[in-house]
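Heads up, the thing below is written out as C-alpha cells.
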Amino acid sequence: MLLIPFLTLGYIFNSALGENITFLRPAFFIISGFIGIPNINYYYAFLVFVYIMSVLANTAVMAAIYLDHNLRTPKYIAVFNLALVDLLGNSAMVPKVLDIFLFNHPHISYNDCLTFLFFCYVFLSMQALNLVALSYDRVMAIVYPLHYQLKVTHRFMFSLIASFWVFVIIVVLIATGLLTRLSFCESVVIKSYFCDHGQMYRLACNDYTPSDITAWILLVLILWLPLTIVLLSYLIIGYALAKVATVRERMKGFKTCTAHLSLVAIYFLPILITFTLGANIEPNVRIINLSLTSVFPPMLNPIIYVLQTREIKESLRKLLRITTHYKMSKVKFKK
C-alpha cells in the first residue's frame with residue numbers, strides 16, 4: 001500500500017514525458033554496508049543501546065512538554081516535534097538495520113526498500129528543518145525580545161512545523177517516485193547500511209539523470225540551505241549581543257542558545273567532515289560514520305535539552321515527584 005504513491009508518481013512522470021516503457025524492477029535488493037567489518041557485533045550492541053536510550057529520552061521530553069502546561073510555548077512546540085522526529089527516525093532506521101545485519105536478512109524486497117528509503121529520508125530531513133525552526137525562535141527571542149510574543153505565536157510555530165512536514169514529504173516522495181523510472185539489469189547490491197538514494201539510482205542501467213539532479217537538489221534543500229539559514233541566524237544573534245552593554249547580559253543571552261548550538265554541531269559537523277574528506281575516507285569508516293550521524297543525534301538531542309534547559313529539568317523533577325508520591329500513596333492504601 002505504501003508503494004502506491006511512488007508508482008503513481010512514476011506513471012505521471014512517464015506520461016508527462018510521453019514514454020511508454022517497461023522498467024526492469026528486481027524482486028529484491030541486497031544491503032551490504034556492514035558486511036566484512038571486523039568485530040561489527042559490538043557496533044550492533046551499541047546500536048541497541050542507542051535505540052533504547054533514544055526511545056526513553058525522547059519519550060520523557062515529549063511527556064514533560066505534554067503534561068506541563070508551563071512548557072506549552074511556541075519554542076517547545078518545536079522541541080516536541082524534534083523529539084517526535086528523533087523517536088520516529090531511529091524507530092524507522094535502527095530496528096531494520098539490526099534485522100538486516102544482526103539477524104542476517106540482507107535481502108529486502110523492492111517495495112520495502114523504497115518504503116524504507118522514504119521514511120528514513122523524511123525523518124533525517126525533518127531533523128535539519130527543525131533546527132531552522134529553533135534558530136528562528138532564538139533570533140526572535142534575542143534580537144526582538146519585546147515583540148517575541150507577537151512574532152512567535154503558537155499558530156505561527158504550528159504552521160511553520162506543518163509546512164516543513166509537507167515540504168519534506170513532497171520532496172522525498174518525488175525523489176522516491178523517480179526511482180520507479182529506473183531499470184536494474186545487473187547489480188542489486190546496495191553498499192550502504194540502508195536503502196540509500198544515491199547508491200540505488202547509480203545501480204540503474206538506464207538514464208538516471210533526473211534522479212541525479214534530484215539528489216543534488218535534495219542535498220541543497222535539506223543540508224546546505226538549513227545550515228546556511230542557521231549560520232546566518234547566529235551571525236544576527238552575535239551582532240545583536242555585541243551591542244549589549246554588559247558582558248553579563250551577553251553571556252546570559254548566549255546561554256539561551258547553547259542547547260540549540262549543541263544540536264546543530266552534533267547534526268551537521270559529522271556530515272560536513274564526511275563529505276569534505278570524501279574519497280579519502282576508507283569505505284567502511286565512511287559507512288559507520290554516516291550511520292552514527294543518522295542514529296546518534298536522536299539519542300543526544302533530548303539529553304542535551306534536559307541538561308541545558310532549566311524548564312525541562314524542573315518539569316521532569318516535578319513529574320518524577322508526582323509519580324513517586326502516587327506510587328507511595330498507592331502502597332499505603334493497599335496496606
Side-chain angles (χ1 to χ4, degrees), residues 47 50-51 53-55 57-62 65 75-97 116-138 157-158 160-173 175-176 192-198 215 217-231 233-234 257 259-275 289-306 308-309:
L47 286 182
V50 167
Y51 180 62
M53 288 298 296
S54 175
V55 171
N58 284 296
T59 301
V61 169
M62 287 191 294
I65 294 171
K75 173 188 174 181
Y76 287 105
I77 291 172
V79 174
F80 183 94
N81 187 68
L82 180 64
L84 177 63
V85 169
D86 288 341
L87 178 63
L88 295 176
N90 265 4
S91 296
M93 176 76 73
V94 178
K96 189 63 180 177
V97 168
F116 187 27
L117 178 153
F118 173 77
F119 283 111
C120 287
Y121 271 89
V122 164
F123 297 133
L124 286 171
S125 304
M126 271 305 299
Q127 285 181 32
L129 293 180
N130 220 107
L131 294 175
V132 172
L134 286 168
S135 68
Y136 176 82
D137 174 84
R138 290 301 82 206
M157 190 58 75
F158 271 122
L160 183 64
I161 297 295
S163 65
F164 283 160
W165 274 106
V166 172
F167 170 75
V168 164
I169 288 171
I170 291 174
V171 169
V172 177
L173 196 63
T176 311
S192 185
Y193 57 97
F194 75 116
C195 293
D196 193 335
H197 180 261
I217 293 173
L218 274 174
L219 191 63
V220 171
L221 292 179
I222 65 178
L223 179 63
W224 297 113
L225 185 59
L227 178 58
T228 301
I229 293 172
V230 170
L231 292 177
S233 71
Y234 275 100
C257 302
H260 181 251
L261 276 173
S262 301
L263 304 188
V264 171
I266 289 168
Y267 182 83
F268 286 107
L269 279 180
I271 299 175
L272 293 175
I273 291 169
T274 303
F275 279 106
N289 184 51
L290 286 175
S291 65
L292 282 173
T293 303
S294 302
V295 303
F296 211 49
M299 181 191 76
L300 291 179
N301 289 349
I303 296 172
I304 288 170
Y305 255 99
V306 169
Q308 297 190 9
T309 308

Please list, chain by chain and in numerical order, all residues satisfying side chain to side chain contact (heavy atoms under 4.5 Å, CB included) with Ala215, sequence neighbours excluded. His197, Tyr201

Rounded to the nearest 0.5 Å, how far apart are CZ of Phe116 and OG1 of Thr176? 12.5 Å

Minimum heavy-atom separation for Gln127 and Ser294, please, with both atom names. NE2-O, 4.4 Å

Check whether the side chains of Ser91 and Tyr51 place a donor and an acceptor atom closer than 3.5 Å, and report yes or no. yes

Between Asn130 and Leu263, does the side chain to side chain contact (heavy atoms under 4.5 Å, CB included) criterion hold? Intermediate values first, please. CA-CA 10 Å; Asn130 220 107; Leu263 304 188; over 6 Å; no

Check for a donor-acceptor pair, side chain of Asn58 on one end and backbone N or O of Ser54 on the other, with a separation under 3.5 Å. yes

Could you check if a side-chain atom of Met157 sits within less than 4.5 angstrom of a side-chain atom of Lys75, using non-hydrogen atoms only? no

Please identify each residue that fulfils side chain to side chain contact (heavy atoms under 4.5 Å, CB included) with Ala92, with sequence neighbours left out. Phe119, Phe123

Donor-acceptor pairs are to be reported for all side-chain atoms of residues 218-231 against protein atoms at under 3.5 Å, with residues two or more places apart or in another chain.
unit_1	atom_1	unit_2	atom_2	d
Thr228	OG1	Trp224	O	2.7

When you compare the side chain of Val55 with that of Leu87, does any pair of heavy atoms fall below 4.5 Å? yes

By ring pair (Phe, Tyr, Trp, His ring centres under 6.0 Å) - contacts of Tyr267 (at least two apart): none

Does the side chain to side chain contact (heavy atoms under 4.5 Å, CB included) test come out yes or no for Ile266 and Ile304, once each step is laid out? CA-CA 10 Å; Ile266 289 168; Ile304 288 170; 3.0 Å; yes

Taking atom CG of Leu272 and atom OG1 of Thr293, what is their separation to the nearest 0.5 Å? 10.0 Å

Which pairs of donor and acceptor atoms, one on a side chain in residues 295-303, lie under 3.5 Å apart (sequence neighbours left out)?
unit_1	atom_1	unit_2	atom_2	d
Asn301	ND2	Asp86	OD2	3.0
Asn301	ND2	Pro297	O	3.3

Gap between atom CD1 of Ile77 and atom CG of Leu134 - 0.5 Å precision: 11.5 Å

Stepwise, does the side chain to side chain contact (heavy atoms under 4.5 Å, CB included) test hold for Met126 with Leu88? CA-CA 11 Å; Met126 271 305 299; Leu88 295 176; over 6 Å; no

Residue pair Leu173 / Phe118, side-chain heavy-atom distance below 4.5 Å: yes

Please round to the nearest 0.5 Å and tell me the distance separating atom CG of Leu290 and atom CZ of Phe194. 8.5 Å

Going by the rule ring pair (Phe, Tyr, Trp, His ring centres under 6.0 Å), which residues pair with Tyr234 if we only count those two or more places apart in sequence or in a different chain? His260

To the nearest 0.5 Å, tell me how far Cys257 SG sits from Arg138 CZ. 6.0 Å

Between Ile65 and Phe80, the two heavy atoms sitting closest are CD1-N, 3.7 Å

Please round to the nearest 0.5 Å and tell me the distance separating atom CZ of Phe268 and atom CG of Leu131. 5.5 Å

Distance-only side-chain donor-acceptor flag, Tyr121 / Asp196, under 3.5 Å: yes

